[in-house]
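For reference, the structure discussed in these notes is given below.
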Amino acid sequence: MPLYRPSELTAFLEKEGLHAKKALSQNFLIDGNLVKRILEDANVQEGDVILEIGPGPGVLTEALLEKNVDLYAVEKDHKFAKLLPRLTENKEGGRLTVFEEDALKFDLVSFEKSIKPKKAKLIANLPYNITTPILTHYVKAKDCFEKLVVMVQAEVADRITSKPSTKEYGSITVFLNFFSNPSFCFKVKKQSFIPAPSVDSAVIKLDLKDPPLTSVEEQEMFFQIVRGGFSQRRKMLRTSLKSLFPHVDWNQALISIGINELSRPENLSLQDFLNLYQSVKKEFPLP
Ligand code: SAM
């Protein structure tokens, strides 16, 4: 009996003496249709290399192994990590390698070497307390991952996939669009988990791409402008940036790229921010 059935999951947790830990954002999926849709949206094929963050009891893990994939699972909770090998014992299906680790400290360099020349797909029902650090870390690893397909809080999904000039659009949107093409897959009700989280969720997909600026120094400078611009989002962009970089004539810089000088940060697309960066980089070198 698969783990996505509430009775099966509860029986498993009881048998092993396990309880969902809030500190590790443990909300377990109990909807087989959603598991199927996540695998479909990730286009999981036999032989794929998959990295799953936070497998927990293993509802997604089990479904992935049935697809005959090469699965690497990174789980911080010792009790869950040590129970995962049961999913491949005396069973045909994919290969499972478990790392009992913090996904934020997972060694991506070694992982990339071990799977080369293939690239992996990252699939996860993410621990919501570390959604942003996980995404900002893994989205940069385009030599390692083809795409990230992840369950996040609905409000975070809206922010990541939002368009300029909306209230959801912010520096995280620009950041993730810089390294990937994000898309919204589907919304998930809180009742689809045990225990139910306090908010609804959504699955999003980030197709990783070559970033428009390759040097790390340039990227840092660019994101200083983006973060600085959004630091006071009710203010005009030129006001926030002037207080951070007073030597630059932001009025003129905005006009030179064809943007109204009274614009607020949310009015600028990723390309507008890139144009602004190129314009100030040329004419007014940053400190
Ligand atoms: N995949 C399971 C499911 O969908 O039912 C569990 C998802 S639950 C939302 C998040 C999982 O991430 C938990 O198993 C939790 O122990 C694990 N986790 C939390 N913080 C982690 C971290 N820093 N590194 C790796 N795993 C973590």
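Sequential numbering from 1 along the given sequence is applied to the chain's residues. In listed order, ligands and their atoms are each counted from 1.
- Residues meeting the side-chain hydrogen bond (donor to acceptor under 3.5 Å, both in side chains) test with E168, sequence neighbours left out: none.
- In this structure, K205 has no side-chain hydrogen bond (donor to acceptor under 3.5 Å, both in side chains) partners at least two apart in sequence or on a different chain.
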Atom pairs, nitrogen or oxygen, ligand 1 to protein, under 3.5 angstrom:
unit_1: ligand 1; atom_1: 1 (N); unit_2: G54; atom_2: O; d: 2.8
unit_1: ligand 1; atom_1: 1 (N); unit_2: P55; atom_2: O; d: 3.3
unit_1: ligand 1; atom_1: 4 (O); unit_2: N125; atom_2: ND2; d: 2.8
unit_1: ligand 1; atom_1: 5 (O); unit_2: L29; atom_2: N; d: 2.9
unit_1: ligand 1; atom_1: 14 (O); unit_2: G56; atom_2: N; d: 3.3
unit_1: ligand 1; atom_1: 14 (O); unit_2: E75; atom_2: OE1; d: 2.8
unit_1: ligand 1; atom_1: 16 (O); unit_2: Q26; atom_2: NE2; d: 2.8
unit_1: ligand 1; atom_1: 16 (O); unit_2: E75; atom_2: OE2; d: 2.6
unit_1: ligand 1; atom_1: 23 (N); unit_2: D102; atom_2: OD1; d: 2.9
unit_1: ligand 1; atom_1: 24 (N); unit_2: A103; atom_2: N; d: 2.8
unit_1: ligand 1; atom_1: 26 (N); unit_2: K76; atom_2: N; d: 3.3

**OP:** Take F223 and S171 through the side chain to side chain contact (heavy atoms under 4.5 Å, CB included) test and state the conclusion after the steps.
**Re:** CA-CA 9 Å; F223 289 119; S171 66; over 6 Å; no
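- For the salt bridge (Lys or Arg N to Asp or Glu O under 4.0 Å) condition, the pairs that include at least one residue of residues 139-155, sequence neighbours left out, are K142-D210, E155-R159.
- In this structure, D200 contributes its side chain and K189 its backbone to no donor-acceptor pair below 3.5 Å.
- In this structure, the separation between CG on L96 and CG on L65 is 5.5 Å, given to the nearest 0.5 Å.
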